[in-house]
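Reviewing the structure listed below.
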Amino acid sequence: MMPQLRPRRGRICPDCDGFPVVTITTGPRHGPRRTKSVVCPTCHGTGTRTGAR
């Protein structure tokens, strides 16, 4: 079965390439680690950017 393509929601953000939220792991290799979610400052976590008119 072929995958269904979904329509584009708008222009993809040039800074994050459509991946607006990333999770970064911090801490030592062996031991307690913490994760932090970071949102793209350009698109504010939407992954798209509105076109200038």
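The analysis underlying the following values was restricted to heavy atoms, covering all of them including side chains, and did not include hydrogens, waters or symmetry mates. All residue numbers in this chain count up from 1 along the given sequence.
The backbone N or O of Pro28 sits less than 3.5 Å from a side-chain atom of Arg33, completing a donor-acceptor pair.
Distance OG1/Thr26 to NZ/Lys36: 8.5 Å, rounded to 0.5 Å.
For the pair Cys43/Cys16, a side-chain contact is recorded, criterion being any heavy-atom separation below 4.5 Å from C-beta on.
The heavy-atom pair separating Ile12 from Asp17 by the smallest distance is CG2-C, 3.3 Å. Among all heavy-atom pairs drawn from Val39 and Gly45, the shortest one is CG1-N, 3.2 Å.
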